[in-house]
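These notes are about the structure you will find just below.
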Amino acid sequence: MPYFSEEIKEEVRSANDIVDVISGYVRLQKKGSSYAGLCPFHNEKTGSFHVSQTKQMYHCFGCGAGGDVFGFLMEYENYTFQEAMEYLAERAGIRLPVQEQSEQAKREADYRSRLLEVNREAGKYYYMLLRSERGAHAMEYFRQRELTKETMKKFGLGYSDKYSDDLYRYLKSKGYDDRLLKDSGLITLDEKRGAHDKFWNRAMFPIMNVHNKIIGFGGRVMGEGEPKYLNSPETQIFDKSRNLYGLNLARQSRRPQILLCEGYMDVIALHQAGFDNAAASLGTAFTSGHASLLKRYTKEVFLTFDSDSAGIRAALRAIPILKEAGITAKIISMQPYKDPDEFIKALGAQEYQKRIDEAENSFMFEIRILEQNYDMTDPQGKTAFYKETARKLLEFEEEIERNNYIEAVAQKYQTGYENLRRLTAQASVQTGIVKRPEPLKSGIHKKEIHKEDGLKKAQKLLLTWLGEQPALYPAVREYITPEDFPDEKCRAAAVELFAQLESGTLNLAQIPGHFEDLEDQREIVAAFHETIGEIRTDSERGKALKDTILKLKENRLLRLRENQGPDGMQERFEQMLQEKKMLEELRRKEFLLNLPV
């Protein structure tokens with residue numbers, strides 16, 4: 001890791017508010033003194049991801065992810081520390097001093113660069129093959145799909161030769177070693193077959209990140225063969241769940257929304273027809289990572305998926321993910337055609353624009369699909385449909401928005417507004433939403449929680465208290481020093497925290513950075529986010545703080561007693577007397593803390 005002074009790190013950190021930065025990736029809502037949302041690092045339905053503006057830290061109570069603004073970018077974007085520093089400095093308009101990288105950092109950065117270089121070289125080779133005699137049948141395939149030369153060039157389309165080691169031999173001739181080629185995902189090495197290409201006899205689609213770097217490939221088989229479409233495996237530079245095909249071009253569009261498709265050819269056909277805001281997921285289900293990526297560039301996504309049952313299911317899965325990310329979704333109908341490619345070939349760009357203009361509200365789409373599960377000619381079936389619709393209307397937490405949708409549904413399905421509103425109110429009672437219990441802050445079901453060691457919890461509670469309410473420090477330091485923390489990492493964190501509190505310059509976000517290991521950093525962040533039970537009065541606060549300090553002091557005395565070694569017996573005996581005296585005093589004392597609750 002290159003060396004950056006604490007001063008420059010702090011300058012960059014303080015110029016990039018963590019809530020502002022993370023809001024570009026995760027939909028955050030104010031919740032008490034922090035902001036909460038769905039964790040971008042694991043799948044969850046209950047938001048256990050919290051961002052503290054005061055602490056300038058993020059922490060997920062579900063999966064344990066946590067850190068400062070640098071850590072978030074390193075974990076989410078897979079940035080090195082150097083890359084995170086450069087990105088945030090540029091974002092804040094700060095000029096970084098020229099840094100000398102450590103040997104390890106240089107090796108890591110160089111290796112990622114080499115992987116990108118291999119992909120670029122492969123892309124150039126595939127591009128050349130398509131335009132040679134060997135790529136004639138792939139070129140014919142693209143022509144049959146009515147792609148122009150300009151479009152093929154724009155997307156860098158290519159061809160992988162019918163010989164299964166063709167690319168391997170070419171890349172070896174360029175001097176690349178087997179380990180690098182294997183790690184690129186382009187070459188497979190095994191004992192039986194030796195080295196062979198991942199892609200052969202396929203029409204090739206380079207996959208680029210938003211910075212126009214080739215990070216992987218998709219390939220469509222020419223002729224018979226399975227699978228019909230094949231993607232690069234995930235590598236150090238390619239993550240399917242956080243990249244979208246064509247987004248490097250779509251993000252530059254002047255159109256306000258993104259058209260989200262299912263396949264490469266749909267994206268290409270739309271761009272060729274003038275819809276330069278199209279992108280597609282990479283042969284995988286739409287994820288929260290995709291939604292977070294889209295949120296950087298748009299507030300509105302039009303789903304233009306296949307019109308078959310699989311496309312409908314894909315749309316139904318994508319809608320709530322987009323909603324959670326704070327993105328408005330609409331549905332474009334492709335009927336009577338299967339997909340955008342077929343539609344445009346048959347009816348043209350003008351008709352497709354009409355479909356965009358007529359795009360259906362995503363909730364009304366969900367209700368329309370739901371209706372297909374019921375016999376609307378039967379009174380019982382119709383009643384069941386209305387009841388299920390009422391339950392779905394409860395998804396809208398804001399009353400005014402819910403009432404607007406009740407009105408829209410009632411008008412479309414010719415049932416009275418008041419009838420549907422009453423049915424929705426009944427559903428809220430039946431489903432328990434009116435008296436919805438507060439979810440556990442950890443986001444984990446109660447039966448999955450193992451009781452944490454009380455001593456470890458006491459250490460974390462005290463760190464959290466002092467981090468959130470530094471005014472408690474004068475009362476605490478009468479009894480507690482960092483040596484009272486038995487856990488090595490908590491003790492190291494306490495040393496840093498107490499030093500900050502003594503100097504009057506509290507900056508919690510700096511503390512995890514003193515630990516080199518990422519897991520240690522996460523553990524320290526978690527220590528500053530321990531769940532504090534509900535405290536209503538100063539008296540309750542004082543009692544809780546006293547109990548926590550007592551637990552740590554009792555443990556300190558116990559550790560001194562257990563240390564029966566011959567060295568420093570007199571000094572240890574004096575410490576024990578001092579600790580015992582302090583404990584007796586503390587047990588008699590009542591903490592009265594005149595602090596805001």
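What you see below is based on every heavy atom in this structure, not just the backbone, and it leaves out hydrogens, waters and symmetry mates. Note that the numbering runs from 1 along the sequence shown for the chain.
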>> Within the structure provided, determine whether L420 and V409 are in side-chain contact (heavy-atom separation under 4.5 Å).
In response: yes
> Between S292 and Y76, does a side-chain contact (heavy atoms from CB on, under 4.5 Å) hold up when you go through it step by step?
Replying inline: CA-CA 10 Å; S292 297; Y76 188 92; 3.0 Å; yes
>> Run N209 and N243 through side-chain hydrogen bond (donor to acceptor under 3.5 Å, both in side chains) and show every step you take.
In response: CA-CA 7 Å; N209 63 17; N243 286 282; 5.8 Å; no
>> Looking at D197 and W200, would you say the former's side chain and the latter's main chain have a donor-acceptor pair under 3.5 Å?
In response: no
> How many angstroms lie between atom CD1 of I207 and atom CD1 of I215, to the nearest 0.5 angstrom?
Replying inline: 7.0 Å
> When you measure from the centre of the six-membered ring of Y127, is the NZ or CZ of R131 under 6.0 Å away and within 45° of the axis?
Replying inline: yes
> Got Y35 and I22 here, is their nearest side-chain heavy-atom distance under 4.5 Å?
Replying inline: no
>> When you measure from the centre of the six-membered ring of F302, is the NZ or CZ of R355 closer than 6.0 Å and no more than 45° off the axis?
In response: no
>> Set out, in order, the CA-CA distance, both residues' side-chain angles and the distance that settles side-chain hydrogen bond (donor to acceptor under 3.5 Å, both in side chains) for N373 and E388, then state yes or no.
In response: CA-CA 11 Å; N373 298 326; E388 185 59 31; over 6 Å; no
> Under the 3.5 angstrom rule, does the side chain of S362 hit a backbone N or O of A329 as a donor-acceptor pair?
Replying inline: yes
> Any side-chain donor-acceptor pair under 3.5 Å between Y126 and D161?
Replying inline: no
>> Whether the side chain of S232 engages the backbone of G216 through a donor-acceptor N/O pair (distance < 3.5 Å, no angle test) should be reported.
In response: no
>> So does S23 get a backbone contact from the side chain of K295, meaning a donor-acceptor N/O pair under 3.5 Å?
In response: yes
>> Test ring-ring contact (aromatic ring centres under 6.0 Å, His included) on Y58 and F49; report intermediate values, then the result.
In response: CA-CA 7 Å; Y58 70 94; F49 182 79; 5.7 Å; yes
> Is it true that E399 and R402 make a salt bridge, defined as a side-chain N closer than 4.0 Å to a carboxylate O?
Replying inline: no
> Between F305 and R313, is there a cation-pi geometry (under 6.0 Å to ring centre, at most 45° from the normal)?
Replying inline: no
>> Within the structure provided, determine whether E121 and K174 are in side-chain contact (heavy-atom separation under 4.5 Å).
In response: yes
>> For E262 versus D306, what's the shortest heavy-atom pair and its separation?
In response: OE2-N, 2.7 Å
> Any side-chain heavy atom of I268 within less than 4.5 Å of one from T151?
Replying inline: yes
>> Checking R368 against E371 for the salt bridge (Lys or Arg N to Asp or Glu O under 4.0 Å) test, could you report, in this order, the C-alpha distance in whole Å, the side-chain angles of both residues, the deciding distance, and whether it holds?
In response: CA-CA 5 Å; R368 180 167 61 81; E371 180 191 2; over 6 Å; no
>> Please check this pair: side chain of E360 against backbone of K330, looking for a donor-acceptor N/O pair closer than 3.5 Å.
In response: no
>> Please determine whether side-chain contact (heavy atoms from CB on, under 4.5 Å) holds for the pair L88 and I94, giving the CA-CA distance in whole Å, both sets of side-chain angles, and the decisive distance to 0.1 Å.
In response: CA-CA 8 Å; L88 291 172; I94 296 171; over 6 Å; no
> Is K323 close enough and on-axis enough to F396, meaning under 6.0 Å and within 45°, for cation-pi?
Replying inline: yes
> Do you know the tightest heavy-atom contact between S34 and H50?
Replying inline: OG-ND1, 3.4 Å
> Does any donor atom in the side chain of Q252 or Y297 lie under 3.5 Å from an acceptor atom in the other side chain?
Replying inline: no
> Just by modelled atom types, is the L115 backbone N or O under 3.5 Å from a matching donor or acceptor in the S184 side chain?
Replying inline: no
> Do M139 and R143 come within less than 4.5 Å of each other through their side chains, counting heavy atoms only?
Replying inline: yes
> Does the side-chain contact (heavy atoms from CB on, under 4.5 Å) test come out yes or no for M204 and F199, once each step is laid out?
Replying inline: CA-CA 8 Å; M204 299 300 295; F199 301 97; 3.5 Å; yes
>> Closer than 3.5 angstrom, by distance alone: can the side chain of T304 be matched with the main-chain N or O of I332 as a donor-acceptor pair?
In response: no
>> If you compare all heavy atoms of V19 against all heavy atoms of L28, which two are closest, and at what distance to 0.1 Å?
In response: O-CD1, 4.1 Å
> Looking at A15 and A92, what are the two nearest heavy atoms and their distance?
Replying inline: CB-CB, 3.6 Å
> Got a second to check how far N277's CG is from R251's CZ, nearest 0.5 Å?
Replying inline: 14.5 Å
>> Nearest 0.5 angstrom please: N404 CG to E398 CD, how far?
In response: 10.5 Å
> Just by distance, do the side chain of N16 and the backbone of V12 share a donor-acceptor pair under 3.5 Å?
Replying inline: yes
>> Let me confirm one number: the SG-CG distance from C261 to D341, rounded to the nearest 0.5 Å.
In response: 10.0 Å
> Donor-acceptor pair, S160 side chain versus G219 backbone, under 3.5 Å?
Replying inline: no
> Is the closest side-chain donor-acceptor distance between D183 and Q236 under 3.5 Å?
Replying inline: no
>> I need the minimum non-hydrogen distance between H271 and A278, along with the two atoms involved.
In response: NE2-O, 3.0 Å
> Between D178, D165, D177, which is the residue that forms a side-chain hydrogen bond (donor to acceptor under 3.5 Å, both in side chains) with K172?
Replying inline: D178
> Q411 and E407: side-chain donor and acceptor closer than 3.5 Å?
Replying inline: no
> Can you find a side-chain donor-acceptor pair between Y417 and R421 that sits under 3.5 Å?
Replying inline: no
>> For the aromatic rings, using the six-membered ring if either is Trp, is the centroid distance between F205 and F217 under 6.0 Å?
In response: no
> Is the shortest heavy-atom distance from the side chain of L347 to the side chain of Y352 under 4.5 Å?
Replying inline: no
> Is the backbone N or O of R145 less than 3.5 Å from a side-chain atom of K345, with the two atoms forming a donor-acceptor pair by type?
Replying inline: yes
>> Tell me if the centroids of the rings in H196 and Y168 come within less than 6.0 Å of each other.
In response: no
> Side-chain donor-acceptor pair under 3.5 Å between N201 and Y163, yes or no?
Replying inline: no
> Between the side chains of N231 and Y245, does any donor sit under 3.5 Å from an acceptor?
Replying inline: no
> Can you check whether F81 reaches F70 side chain to side chain, under 4.5 Å on heavy atoms?
Replying inline: yes
>> Run F385 and Y413 through ring-ring contact (aromatic ring centres under 6.0 Å, His included) and show every step you take.
In response: CA-CA 11 Å; F385 166 69; Y413 292 96; 5.2 Å; yes
> Stepwise, does the salt bridge (Lys or Arg N to Asp or Glu O under 4.0 Å) test hold for E117 with R114?
Replying inline: CA-CA 5 Å; E117 187 183 311; R114 292 279 283 169; 3.4 Å; yes
> Under 4.5 Å between any side-chain heavy atoms of M222 and R202, yes or no?
Replying inline: no
>> Restricting to non-hydrogen atoms, name the atom on G24 and the atom on R296 that form the minimum distance, rounded to 0.1 Å.
In response: O-CG, 3.5 Å
>> Could you go through K153 and E150, starting from their C-alpha distance and side-chain angles, then the distance that decides it, and tell me whether this counts as salt bridge (Lys or Arg N to Asp or Glu O under 4.0 Å)?
In response: CA-CA 5 Å; K153 182 179 179 181; E150 291 73 24; over 6 Å; no
>> Once rounded to the nearest 0.5 Å, what's the spacing between atom CG of L147 and atom CG of L157?
In response: 6.5 Å
> Nearest 0.5 Å, what's the CZ-CE distance between R134 and M128?
Replying inline: 6.5 Å
